[in-house]
Engineer: 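Right, I'll just put the structure down here and ask away after.
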Number of protein chains: 2
Amino acid sequence: MTVTIKDVAKRAGVSPSTVSRVLSNHPRISLETSRKVKEIMEEMGYHPNMMAKSLVSKTTNSICIILPKPAEELFSNLFFMELIRGIVTQAGRSGFDVLISSGANEKEELEAVSRLLKGRRVDGVILLYSRKDDSVIDFLESNGYPFVLVGRSDRYENILSVDNDNVMAAFDATNHLITMGHERIGFVSGPPNLIVSRDRLAGYQKAMEESGLEIRPEWIVEGEFLQDSGYRAMSFFMNLPNRPTALLVVDDMISFGVLRGLNELKYTVPQDLALVGFNNIPLSELSSPPISSIDIGIYHLGYTASQVLIQAIQQPDKDIGYTNRFIIPHRLIVRESSMYSPGRK
Amino acid sequence: MTVTIKDVAKRAGVSPSTVSRVLSNHPRISLETSRKVKEIMEEMGYHPNMMAKSLVSKTTNSICIILPKPAEELFSNLFFMELIRGIVTQAGRSGFDVLISSGANEKEELEAVSRLLKGRRVDGVILLYSRKDDSVIDFLESNGYPFVLVGRSDRYENILSVDNDNVMAAFDATNHLITMGHERIGFVSGPPNLIVSRDRLAGYQKAMEESGLEIRPEWIVEGEFLQDSGYRAMSFFMNLPNRPTALLVVDDMISFGVLRGLNELKYTVPQDLALVGFNNIPLSELSSPPISSIDIGIYHLGYTASQVLIQAIQQPDKDIGYTNRFIIPHRLIVRESSMYSPGRK
DNA sequence: CTGTTAGCGCCTTCAT
DNA sequence: ATGAAGGCGCTAACAG
């Protein structure tokens, strides 16, 4: 049924070793033989058996992605799919396959990772989240397995990671609003345990301070009100005395909730409240009005993560510690939601 | 470095076969030995080498997903991610790993599939698209490889597939609008080469005909105007003499474009035009107004596809031809965008 | 019940 | 430049 090296060898009248050498472009092999063998391989439809190859080479040419559990996905599926696309594309170019896995809880995740790595099914791992303490990272690190984190961890310093400069991104976004003439700017955050939320908050604060603008605690909202509560949250917010004229929102998905709340309350964006979001999901430009957003290069993030991981797999020595964090550039996309300059009061 | 069966055997004072038997829960093995071996495995941190296992068993316990190329993804990333989640979850429960792959064009796709299958890296394939003629399907079918199609193909009749009844779904959606009192109903379609577009169009037409309502060709629009052209398309549409009072939109993503166009033209939904979409993406309920949508159970679609494929892999005899199409139920989610009954004229 | 033997398909010495 | 032999880690006969 299956065509093996042996078969090809027999048919070509040479030894299996010779065929094997042809396969690996061995230098010491006659051009004549090489040509003939290749022809026969083609003719017989030979395909190398990856499993056998892996068994002897102790390498699998594949990596795996650990999806976060649904609970943690504030940043929607859009985000992950785009990331995966980047990863898969780059991995493909390097001749790597991508395996995708997830677990219902951290324990299951750890089991899966352990099985895949110890069972020699993959050579390395891409982690798509950043938790505070993470048994998976502990496992990977203490066993010396190659892995890269998409995001940032402040507990683990010297691990490979690919991330945006979220502080700077928020800084830029805030300054954009300030430049537009806003002085009272609020911030809608995501789950506070996500590092990205904290980083963006920090960038916002930094920009406000550097411009000598006031930050009031009640201007900072934690935005888990994706669904129904968008209305109430915005209602509270808009009724503040001396309310903000602009809002930085940590994720475009949340922006939609905000927008919805504002709409129900009959407020107009950007006149009553200007908006700038993050992540620039495809729908950001389709909403009414289109939302200004920081594009963080999600595809690029995935592409780079894959590249970095594969490099680490192939040359396990290069990470000397000072080039371990890779920063993907961001850029602000200005749309209608922030194209309005408030008059002074 | 790696702990093998041999090592465990030596340490336990038994033969490798015995250890292997313990691993596979062989019946004829003393309880005593079994316990001891298991203990030692635990203690030595033994993990079976998947590659070696695959090599001898000629089975990989993994499947692969072929992503469509970006060009074909009218139905956004949201759709695919949700699908993948369903697939990965179910596969995990059956002890299968999921590999994900894609190609820049059909030729590359075919190469990838061929490499994975002939190279014995995966046992079967899930196809996430339905094209008219497909060299990948031809390849899979003629080689007798297990695969399942998410979607429908009218060229290939007897292949395993998981799909919605899109005709019925569109029928239901249209009837909902009719029940609400609409008589002039339009249809925004997707790319005409996608079967799902055609099926939904058919369901719409059926419902209209059965209710004795008129269908005008100019009421049927091909909706590739996601981005900028939403405005112009809607402008054309709303200026029709005797224009529709309701619109069926083939995908929620497109609904956003429509909504945006309407907004710019100062029309109100649902008063000026009622809207019902498909796929019920998470954002459908966050838009202003929230969009009524047919939920097609994307996760369920993926979950079932995985289940069907794995079953086909494990018992390659069962598909006798009359149970090859699996239909996932849909349901209409009514929201504001269709909660308005137009007065008669 | 347990041990021995022989591969799965490939690669890598070691000879020639 | 090519062949022969041994082994990667595991399973599946075949013997006891």
Side-chain angles (χ1 to χ4, degrees), chain A residues 1-38 40-41 44-62 95 114-123, chain B residues 1-38 40-41 44-62 95 97 115-123:
Chain A
M1 188 65 229
T2 316
V3 185
T4 74
I5 282 194
K6 218 171 169 178
D7 301 328
V8 175
K10 196 169 295 173
R11 184 94 159 55
V14 296
S15 81
S17 332
T18 305
V19 177
S20 176
R21 282 191 256 265
V22 171
L23 241 18
S24 52
N25 285 319
H26 196 101
R28 289 180 305 197
I29 193 100
S30 96
L31 218 65
E32 167 70 9
T33 319
S34 169
R35 211 190 33 67
K36 192 172 75 187
V37 167
K38 274 183 184 162
I40 296 200
M41 288 193 328
M44 300 181 72
Y46 169 76
H47 276 254
N49 183 317
M50 305 310 283
M51 297 304 163
K53 234 169 142 169
S54 292
L55 185 57
V56 37
S57 71
K58 291 181 181 319
T59 159
T60 64
N61 264 34
S62 47
S114 162
R115 185 179 56 78
L116 291 169
L117 251 5
K118 298 227 162 181
R120 289 227 138 69
R121 193 175 199 104
V122 301
D123 296 333
Chain B
M1 189 65 228
T2 316
V3 184
T4 74
I5 282 194
K6 220 172 170 179
D7 301 328
V8 175
K10 196 169 296 175
R11 183 93 160 56
V14 296
S15 82
S17 339
T18 304
V19 177
S20 175
R21 282 191 258 264
V22 170
L23 242 17
S24 52
N25 284 319
H26 196 102
R28 288 180 306 198
I29 193 99
S30 98
L31 218 66
E32 168 69 10
T33 319
S34 169
R35 210 189 34 68
K36 192 173 73 185
V37 167
K38 276 183 182 161
I40 295 199
M41 289 194 326
M44 299 182 71
Y46 169 77
H47 277 254
N49 182 319
M50 305 311 283
M51 296 304 164
K53 233 169 143 168
S54 292
L55 184 57
V56 36
S57 71
K58 290 177 178 322
T59 160
T60 65
N61 265 36
S62 46
D97 287 318
R115 185 179 55 79
L116 291 170
L117 252 7
K118 297 226 162 181
R120 288 227 139 70
R121 191 171 200 109
V122 301
D123 296 333

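The chains referred to below are lettered A, B, ... by the order of the sequence lines, with proteins before strands, and numbering in each begins at 1. Atoms considered below: every heavy atom in the structure, side chains included; atoms not considered: hydrogens, waters and symmetry mates.
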Engineer: Please identify each residue that fulfils side-chain hydrogen bond (donor to acceptor under 3.5 Å, both in side chains) with B:Ser30, with sequence neighbours left out.
Structural biologist: B:Thr33
Engineer: What is the first contacted nucleotide of DNA chain D and what is the last, in 5' to 3' order, if contact means an atom lying under 4.0 angstrom from a heavy atom of chain A?
Structural biologist: D:dA1 to D:dG9
Engineer: Which residues satisfy the side-chain contact (heavy atoms from CB on, under 4.5 Å) test with B:Ser20, sequence neighbours excluded?
Structural biologist: B:Ile5
Engineer: Angle, rounded to 10°, between the helical axes spanning five pairs at each terminus of the helix from C:dC1-D:dG16 to C:dT16-D:dA1?
Structural biologist: 40°
Engineer: Could you list the donor-acceptor pairs under 3.5 angstrom formed between side-chain atoms of residues 45-52 of chain A and any protein atom two or more places apart in sequence or on another chain?
Structural biologist:
residue: A:Asn49; atom: OD1; partner: A:Met51; partner atom: N; Å: 2.8
residue: A:Asn49; atom: OD1; partner: A:Ala52; partner atom: N; Å: 3.1

Engineer: Produce a footprint string for nucleotides 4-16 of chain C: one letter per nucleotide, 5' end first; B if the base is under 4.0 Å from any protein heavy atom, S if only the sugar-phosphate is, - if neither.
Structural biologist: B---BBSBB----
Engineer: Please enumerate all residues that pass salt bridge (Lys or Arg N to Asp or Glu O under 4.0 Å) together with A:Arg35, with sequence neighbours excluded.
Structural biologist: A:Glu32, A:Glu39
Engineer: Go through the structure and list residues passing side-chain contact (heavy atoms from CB on, under 4.5 Å) with A:Ser17, not counting sequence neighbours.
Structural biologist: A:Ser15, A:Arg21
Engineer: side-chain contact (heavy atoms from CB on, under 4.5 Å) with A:Thr59: which residues, sequence neighbours excluded?
Structural biologist: A:Ser57, A:Asn61, A:Asp123
Engineer: Suppose we screen for side-chain contact (heavy atoms from CB on, under 4.5 Å). Which residues come up paired with B:Lys36, at least two apart in sequence or across chains?
Structural biologist: none
Engineer: Considering residues at least two apart in sequence or located in another chain, which fulfil the salt bridge (Lys or Arg N to Asp or Glu O under 4.0 Å) criterion with B:Asp97?
Structural biologist: A:Arg115, A:Arg121
Engineer: Looking for any heavy atom pair under 4.0 Å, which part of the strands does B:Ser54 touch: base, sugar-phosphate only, or nothing?
Structural biologist: nothing
Engineer: Other residues, nucleotides and ligands only: do more than 12 of their heavy atoms fall within 6.0 Å of NZ on B:Lys53?
Structural biologist: no
Engineer: Salt bridge (charged side-chain N to carboxylate O under 4.0 Å, His left out): which pairs involve residues 9-19 of chain B, sequence neighbours left out?
Structural biologist: B:Arg11-B:Glu43
